[in-house]
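Worksheet: the structure to be examined is printed underneath.
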Amino acid sequence: MEQFECDFYQTDYSFEDGAQGLSKTGASSQYDENNYRMTKQEYLQSGMMSSSFDQPGYEEPSYSASESPYGPPYIFQPSGNFEDEPPLLEELGINFNHIWQKTLTVLNPWKPADGSIMNETDLTGPLMFCFALGSTLLLAGKIHFGYMYTMSIFGCLGIHALLNLMSFTGVSHGCVASVLGYCLLPMVILSCFAIIFSLQGIAGTILAAAIIVWCSFSASKIFISTLAMEGQQLLVAYPCALFYGLFALLTVF
């Protein structure tokens, strides 16, 4: 039994190992204490420095561009003069002066058209007049927005192909759409009359025919002045009259 107890409690642990472990534990605790003291001392020093910054007599040192460790400061200098740049709307292609001149040219068929202005692909005025025509037709109880857009697209493509065959210089799709859209303004006036009274009569037919002649004459005048097609105004006015006749049918009926 005694031999069993001796074998059971037998171990390799010695007092020397225990003393060595205690010495290691004491060294680690001493290292932690020294580290804590150093951290506390650094914290106090930083607090003293920050408090010195807050004193009223303290002035932050200034560095020149050559002495600065981050290099010279970046200074934005514009490349050009902003006063000489055109307005934002003009850069976007929206010129209210040209829109007003084109509108006056359409309203006065006998006014000579400026070819340089009419050759621009300005779609601001045509979109406004097209929306005004649809709105006035809507007030008259006629919802024809889909018909208007479809006829406008196919009409512009057809007249564009015809003008390219008749002229030597050629014309772009945007120019054709712009001229046809501006000359749609008299049709807006006809649709305004349709809100007040019915156009299904002799007076309405005469008024619609006069509006068709007005629109086609203005469009043909602009086309011949832009494309230098002298003596061909009647040839250009005929397909334009067919184009605006479709819008007159929508307005009257």
Side-chain angles (χ1 to χ4, degrees), residues 92-96 98-107 109 113 115 117-167 170-195 199 204 207-227 229 233-253:
L92 295 175
I94 302 174
N95 193 336
F96 290 103
H98 290 181
I99 292 174
W100 178 246
Q101 292 181 9
K102 293 177 183 180
T103 304
L104 292 179
T105 303
V106 173
L107 293 176
I117 297 178
M118 294 301 172
N119 200 17
E120 298 177 354
T121 57
D122 175 27
L123 298 179
T124 305
L127 290 176
M128 292 172 54
F129 296 151
C130 188
F131 182 75
L133 178 60
S135 300
T136 51
L137 289 178
L138 183 62
L139 293 176
K142 303 173 183 178
I143 305 175
H144 297 316
F145 286 98
Y147 294 108
M148 289 172 49
Y149 295 147
T150 305
M151 291 189 304
S152 300
I153 293 173
F154 285 101
C156 290
L157 292 177
I159 294 180
H160 172 263
L162 183 62
L163 291 176
N164 282 329
L165 293 175
M166 295 176 62
S167 63
V171 65
S172 63
H173 292 88
C175 181
V176 174
S178 177
V179 173
L180 293 178
Y182 273 104
C183 294
L184 199 64
L185 179 59
M187 199 63 62
V188 178
I189 300 175
L190 180 64
S191 63
C192 292
F193 283 108
I195 299 175
L199 298 177
L207 182 60
I211 293 296
I212 293 172
V213 173
W214 186 0
C215 294
S216 59
F217 185 79
S218 299
S220 61
K221 177 192 64 174
I222 296 173
F223 280 132
I224 63 173
S225 62
T226 304
L227 303 176
M229 299 171 59
Q233 185 173 1
L234 293 178
L235 296 177
V236 178
Y238 176 70
C240 293
L242 295 178
F243 174 74
Y244 292 111
L246 297 176
F247 289 95
L249 290 176
L250 289 180
T251 306
V252 173
F253 301 102

If you measure from NZ on Lys102 to OG1 on Thr124, what distance do you get to the nearest 0.5 Å? 8.5 Å

Using modelled atom types only, decide if a donor and an acceptor are shared between the side chain of Thr150 and the backbone of Tyr147 within a distance under 3.5 Å. no

Test item: Ser220 side-chain N/O and Phe217 main-chain N/O as donor-acceptor pair under 3.5 Å: yes

Would a 4.5 Å heavy-atom cut-off, applied to side chains only, mark Lys221 and Val236 as touching? no

Over 12 non-hydrogen atoms of neighbours within 6.0 angstrom of CG in Leu104: yes

Distance-only, no hydrogens or angles: does the Trp214 side chain make a donor-acceptor pair with backbone N or O of Val106 under 3.5 Å? yes

Give, for atom CE of Met148 and atom OG1 of Thr251, the distance between the pair rounded to the nearest 0.5 Å. 8.5 Å

Exam field: side chain Thr226 to backbone Phe223, donor-acceptor pair closer than 3.5 Å: no

To the nearest 0.5 Å, how far apart are CG in Leu180 and OG in Ser218? 11.5 Å

For residues 126-140, which side-chain N or O atoms pair as donor and acceptor with protein atoms under 3.5 Å away, sequence neighbours left out?
{"residue": "Ser135", "atom": "OG", "partner": "Phe131", "partner atom": "O", "Å": "2.8"}
{"residue": "Thr136", "atom": "OG1", "partner": "Ala132", "partner atom": "O", "Å": "3.0"}
{"residue": "Thr136", "atom": "OG1", "partner": "Leu133", "partner atom": "O", "Å": "2.8"}
{"residue": "Thr136", "atom": "OG1", "partner": "Ser191", "partner atom": "OG", "Å": "2.6"}

Point-to-point distance, once rounded to the nearest 0.5 Å, from CD1 of Ile212 to CG of Leu207: 10.0 Å

Mind checking whether Leu250 and Lys142 have side chains closer than 4.5 Å, heavy atoms only? no

Report the relative orientation of the aromatic rings in Phe145 and Tyr149; use parallel for angles under 30°, tilted for 30 to 60°, perpendicular for over 60°. tilted

Taking His160 for the side chain and Val171 for the main chain, is one N or O donor matched with an acceptor at less than 3.5 Å? yes

Distance-minimising heavy-atom pair for Ala194 and Leu199: CB-CD1, 3.8 Å

Rounded to the nearest 0.5 Å, the OH atom of Tyr182 sits from the CG atom of Leu107 at a distance of 12.0 Å

Measure the shortest side-chain to side-chain distance between Tyr244 and Cys183 over non-hydrogen atoms and say whether it is less than 4.5 angstrom. yes

Hey, what do you get for OG1 (Thr105) to NE2 (His98), rounding to the nearest 0.5 Å? 11.0 Å

Give me the atom names and distance for the closest heavy-atom approach of Asn164 to Gly170. OD1-CA, 3.4 Å

Look only at the side chain of Thr103 and the backbone of Ile99, and say whether a donor-acceptor pair between them is shorter than 3.5 Å. yes

Specify the closest pair of heavy atoms between Leu123 and Ala177, including all atoms of both residues, with the distance to one decimal. CD2-CB, 4.0 Å

Assess the residue pair Leu190 and Phe247 against the criterion (side-chain contact (heavy atoms from CB on, under 4.5 Å)); give the C-alpha distance rounded to whole Å, side-chain angles, the decisive distance to 0.1 Å, and a yes or no. CA-CA 10 Å; Leu190 180 64; Phe247 289 95; over 6 Å; no

